[in-house]
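Take a look at the structure set out below.
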Amino acid sequence: MVKSNRNKEKTPARLAVIYGSTREGRICDRVVKWLTQELLRFPQFDIDIIDPLDFALPANRDMAHPEVDRLAGRLGMADAFIIVTPEYNHSFTASLKSIIDFFFEPWQGKPVAFVSYGGISGGLRAVEQLRLVFAELHAVTIRDSVSFAAPWNRFDPDGRLDNPADAMRLLDRMMARLEWWTRALVTARSDRPYADTERRASFQTR
């Protein structure tokens, strides 16, 4: 877990950065290293790095499994998410879909932003499919994102990015929007848990 400096005016929101790849030799390691270093510039967030490889998740949907419970706790504590996703065959990875599909409530009423990478599209086709998935989970996806075309030529093993100016500009814009939605939705969930909307809707349709 990486902690940013505390903001004296506001309690930092909890931001989970989620790896979207589990492949050996994954570029995702480099992209996440770059991202987490840049996120230190945003003290309004406390950062939690969630790597699927750190969890021995069961192959079946065993919700009583201790590793599922551990991951649910980490996701549940988050106020917002950034998904770092590659694009494989015009889509995102099976490992990321598995993590998303294990849970429902931890995503509800929370904002999700994307940092993507891939070939000529920079992973944006994967992001567009993820937007559909998170809409079904009642999450709010941030319009602005950061994408990297041909990232294997841009990142060194330590996550240093070649010609970072454009990416930093995109990240600044994405983070501004993510902070706005995070604060708005934290307030909304504090006023009334999002799950209450489902119960109210069910009562009204009887």
Side-chain angles (χ1 to χ4, degrees), residues 1-20 28-29 31-55 63 66-85 96 99-100 102-116 127 130-131 133-146 159 161 164 167-200:
M1 186 179 293
V2 178
K3 292 284 187 177
S4 61
N5 295 327
R6 290 280 173 177
N7 186 313
K8 295 181 180 179
E9 296 181 359
K10 296 180 180 178
T11 300
R14 293 162 295 193
L15 173 60
V17 175
I18 301 176
Y19 276 77
C28 204
D29 285 317
V31 180
V32 170
K33 285 178 183 178
W34 171 81
L35 177 62
T36 53
Q37 286 302 309
E38 291 299 323
L39 288 178
L40 295 176
R41 300 191 288 111
F42 302 92
Q44 58 269 49
F45 289 102
D46 275 346
I47 313 302
D48 183 17
I49 308 301
I50 297 179
D51 185 346
L53 293 178
D54 293 337
F55 297 85
M63 299 307 293
E67 287 294 273
V68 174
D69 187 62
R70 186 165 71 93
L71 179 54
R74 295 274 291 277
L75 296 174
M77 288 189 297
D79 297 311
F81 304 96
I82 295 178
I83 309 294
V84 181
T85 181
L96 178 56
I99 285 178
I100 294 170
F102 256 114
F103 308 103
F104 185 63
E105 192 167 323
W107 310 112
Q108 287 186 322
K110 297 179 183 179
V112 183
F114 302 99
V115 174
S116 66
V127 169
L130 282 165
R131 292 187 190 281
V133 173
F134 279 108
E136 184 65 18
L137 294 169
H138 297 251
V140 176
T141 59
I142 305 304
R143 176 197 176 277
D144 301 279
S145 63
V146 181
L161 176 63
M168 290 173 66
R169 258 194 312 274
L170 291 171
L171 180 64
D172 287 349
R173 184 166 59 189
M174 184 186 83
M175 293 303 295
R177 306 281 167 77
L178 182 61
E179 182 186 9
W180 190 95
W181 277 106
T182 300
R183 296 295 177 190
L185 292 172
V186 164
T187 299
R189 293 196 310 275
S190 296
D191 290 342
R192 185 174 69 172
Y194 188 83
D196 286 357
T197 65
E198 181 67 24
R199 287 190 285 270
R200 184 175 181 182

Exercise. What distance do Met168 atom CE and Glu38 atom CD have between them, rounded to the nearest 0.5 Å?
Worked result: 4.5 Å
Exercise. Can Leu39 and Trp34 be said to form a side chain to side chain contact (heavy atoms under 4.5 Å, CB included), step by step?
Worked result: CA-CA 9 Å; Leu39 288 178; Trp34 171 81; over 6 Å; no
Exercise. Which heavy-atom pair separates Arg74 from Ile49 by the least distance, and what is that distance?
Worked result: NH2-O, 2.9 Å
Exercise. Do the non-hydrogen side-chain atoms of Trp107 and His138 ever get within less than 4.5 Å of each other?
Worked result: no
For this session: Check whether any side-chain heavy atom of Gln44 lies under 4.5 Å from a side-chain heavy atom of Thr182, and answer yes or no.
Result: no
Exercise. Roughly how far, to the nearest 0.5 Å, is CG of Asp54 from CG of Leu71?
Worked result: 10.0 Å
For this session: Given side chain to side chain contact (heavy atoms under 4.5 Å, CB included), test Thr187 with Arg183 step by step and report yes or no.
Result: CA-CA 6 Å; Thr187 299; Arg183 296 295 177 190; 5.5 Å; no
Exercise. Just how far is it from atom NZ of Lys33 to atom SG of Cys28, taken to the nearest 0.5 Å?
Worked result: 11.5 Å
Problem set entry | Aromatic plane relationship, Phe114 with Phe134 - under 30° parallel, 30 to 60° tilted, over 60° perpendicular | tilted
For this session: Check step by step if side chain to side chain contact (heavy atoms under 4.5 Å, CB included) holds for Thr141 and Leu130.
Result: CA-CA 9 Å; Thr141 59; Leu130 282 165; over 6 Å; no
Exercise. Would you call Asp144 and Met175 a side-chain contact if the rule is heavy atoms closer than 4.5 Å?
Worked result: no
For this session: Walk me through it: do Ile47 and Phe45 pass the test side chain to side chain contact (heavy atoms under 4.5 Å, CB included)?
Result: CA-CA 6 Å; Ile47 313 302; Phe45 289 102; 3.8 Å; yes
Exercise. Is there a side-chain contact between Leu15 and Leu178, using heavy atoms and a 4.5 Å cut-off?
Worked result: yes
Exercise. Does some side-chain heavy atom of Thr197 sit less than 4.5 Å from a side-chain heavy atom of Arg192?
Worked result: yes
Problem set entry | Between CZ on residue Phe103 and CE on residue Met63, distance to nearest 0.5 Å | 5.0 Å
Exercise. Between Asp79 and Arg189, which heavy-atom pair has the shortest distance, and what is it?
Worked result: OD1-NH2, 3.3 Å
For this session: Decide yes or no for Thr85 and Tyr19: does some side-chain heavy atom of the first lie under 4.5 Å from some side-chain heavy atom of the second?
Result: no
Exercise. In Å and rounded to the nearest 0.5 Å, what is the CD1 to CD1 distance from Ile100 to Ile83?
Worked result: 6.0 Å
For this session: For residues Val115 and Val17, determine if any side-chain heavy atom of one lies less than 4.5 Å from a side-chain heavy atom of the other.
Result: no
Problem set entry | Pair Asp172 + Arg41: basic N to acidic O under 4.0 Å | yes
Problem set entry | Check: Ala78 main-chain N/O paired with Lys110 side-chain donor or acceptor under 3.5 Å | yes
Exercise. Quick one: does Ile82's side chain get under 4.5 Å of Ile18's, heavy atoms only?
Worked result: no
Exercise. Does CD belonging to Gln108 count more than 12 external heavy atoms closer than 6.0 Å?
Worked result: yes
Exercise. Should the pair Arg14-Asp48 be classified as a salt bridge under the 4.0 Å nitrogen-to-oxygen rule?
Worked result: no
Exercise. In Å, rounded to the nearest 0.5 Å, how long is the span from CZ of Phe81 to CD1 of Ile142?
Worked result: 12.0 Å
